[in-house]
Asks: 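Structure incoming, see below.
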There are 2 protein chains.
Amino acid sequence: MKTLPDSAYNPILKLDNQLCFSVYALSRLITKAYQPLLESLDVTYPQYLVLLLLWEHEELSVKQLGEHLLLDSGTLTPLLKRMEQRQWLSRRRDARDERSVLVALAPAGRALQTQAAQIPVRLAEKMQLTEPEIAGLRTQLRQIMNLLS
Amino acid sequence: MKTLPDSAYNPILKLDNQLCFSVYALSRLITKAYQPLLESLDVTYPQYLVLLLLWEHEELSVKQLGEHLLLDSGTLTPLLKRMEQRQWLSRRRDARDERSVLVALAPAGRALQTQAAQIPVRLAEKMQLTEPEIAGLRTQLRQIMNLLS
DNA sequence: TAGGTTTTAATTGTGCACAATTTAATTCGT
DNA sequence: ACGAATTAAATTGTGCACAATTAAAACCTA
């Protein structure tokens, strides 16, 4: 008899792989769902996440942005440079700690907030989830995140 | 009174954003959790997904791989070329339809299956999820995927 | 306070991910 | 059968994502 792959025999292996793949595929689908909403602002999804943080906090260091977004300077530095070039934010060394770089919202970046206000609403509608469903799912994913990191 | 961002007022907006971010961040954490397990095989997570499919189906067209993985030829072609270079798989035009490229498992690719057998088990343990929990979560994510696509 | 450690960004290099376009093969309608 | 439309990969160009390294500033600590 021909040998079949383990995943054809072990339902847990298959489920585990399918769960990981579902998260991976859903993440890309969400980015794609955001894209037509964000492209009118000419913003990518990771850039939108940076803007969400700056709209709330006005000024954050690269390190703080990285802690919130779970991204390192290797990703953030070029991304922030592109956003700086479009005048959405400013980057300057912290005078009190020259290692640190402070990222502050610029007027053009603040102006994007009004245009972006409708974006998440439309996505929540598309996902057809109620408030408790969203909250429950988010909590589950966070718990898995905590177990993995 | 200073104007606060919408997300500070509207709990649904905040939850929606947090749910999307959780999926985005968890996806990267899963990839990172796989990485130390896969790096002994010198395989990336997307390459591992291709191998999973080939271990099950032996030969698939680029189009079929793309349908399973929700990836297009722009992503798959260079990825498959790298895997071909390592002799894990072969690529050849389909004689019956010269537009199509058939990707088949090579001996070295089949040999990886044995080494990789332990990988998902260890990840499932790390996530501390029971079989019904994994199944339920996967179903929920799939439903959202269907609503978005 | 001098020297070693730690912290913070930036840099370099590799590999996805995807939009847009191109090329070639097939299919379809007439 | 033939030209238009469709389909499948490949190509091109941009932007993450991250490991590994580098450089500079800040912090210990003896």
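When reading the values below, keep in mind they use all heavy atoms of this one structure, side chains included, and skip hydrogens, waters and symmetry mates. Sequence lines set the chain letters: A, B, ... in the order given, protein chains first and strands last, and positions in each chain run from 1.
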Asks: Distance from Leu51(A) atom CG to Arg110(A) atom CZ, nearest 0.5 Å?
Replies: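 Interatomic distance, Leu51(A) CG to Arg110(A) CZ, rounded to 0.5 Å: 11.5 Å.
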Asks: Assign a letter to each nucleotide of nucleotides 10-17 of chain C from its 5' end: B, base within under 4.0 Å of a protein heavy atom; S, sugar-phosphate only; -, no contact.
Replies: BB---SSB
Asks: Which is true for Ser61(B) with a 4.0 Å heavy-atom rule: it touches a base, it touches only sugar-phosphate, or it touches nothing?
Replies: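 The residue Ser61(B) makes sugar-phosphate contact but no base contact.
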Asks: Just how far, in rounded Å, is C1' of dA9(D) from CZ of Arg92(B)?
Replies: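 Answer to the nearest Å: 16 Å.
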Asks: Just list the side-chain donor-acceptor pairs under 3.5 Å for residues 23-33 of chain A, sequence neighbours left out, or say none.
Replies:
from: Arg28(A); atom 1: NH1; to: Leu70(B); atom 2: O; distance (Å): 2.8
from: Arg28(A); atom 1: NH2; to: Leu69(B); atom 2: O; distance (Å): 2.9
from: Thr31(A); atom 1: OG1; to: Ser27(A); atom 2: O; distance (Å): 3.0

Asks: Using heavy atoms to find the nearest nucleotide of DNA chain C for Lys63(A) and Arg96(B) separately, return the residue whose nucleotide is more 5′.
Replies: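 Here Lys63(A) is the residue nearer the 5' end.
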Asks: Tell me: CD of Glu67(B) to P of dA8(D), nearest whole Å?
Replies: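 It works out to 8 Å between those atoms.
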Asks: Rounded to whole Å, how long is the line connecting atom CG of Leu102(B) with atom C1' of dA10(D)?
Replies: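 Those two atoms, CG and C1', are 16 Å apart.
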Asks: Please determine whether a side-chain nitrogen of the Lys or Arg among Arg86(B) and Asp42(B) lies less than 4.0 Å from a carboxylate oxygen of the Asp or Glu.
Replies: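 Yes, charged N to carboxylate O under 4.0 Å.
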Asks: Starting from P on dA8(D), measure out to CG on Leu60(B) and report it in whole angstrom.
Replies: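 Going from Leu60(B) (CG) to dA8(D) (P), I get 14 Å.
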Asks: Tell me: CG of Leu38(A) to C1' of dC18(C), nearest whole Å?
Replies: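 Nearest whole value for this atom pair: 15 Å.
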Asks: Please tell me whether Tyr48(B) and Leu41(B) are part of a single hydrophobic cluster in this structure, the criterion being side-chain heavy atoms less than 4.5 Å apart.
Replies: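 Yes, same cluster.
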Asks: In whole angstroms, how far is the C1' atom of dT7(C) from the CG atom of Asp94(A)?
Replies: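 Checked: the CG to C1' distance equals 13 Å.
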Asks: Looking only at side-chain N and O atoms, does Ser100(B) come under 4.0 Å of OP1 or OP2 in dA25(C)?
Replies: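 The answer is no; no side-chain N or O of Ser100(B) sits under 4.0 Å from OP1 or OP2.
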Asks: With the side chain of Glu98(B) defined as its heavy atoms from C-beta on, choose the nearest nucleotide among dA8(D), dA25(C), dA26(D).
Replies: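 Out of dA8(D), dA25(C), dA26(D), the nucleotide with an atom closest to Glu98(B)'s side chain is dA25(C).
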Asks: For the pair Glu56(B) and Lys14(A), find out whether any cationic side-chain nitrogen is under 4.0 Å from an anionic carboxylate oxygen.
Replies: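 Result for this pair is yes, salt bridge flagged.
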Asks: Salt bridge between Glu84(A) and Arg91(A), side-chain N to carboxylate O under 4.0 Å?
Replies: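 Salt bridge flag = yes for Arg91(A) with Glu84(A).
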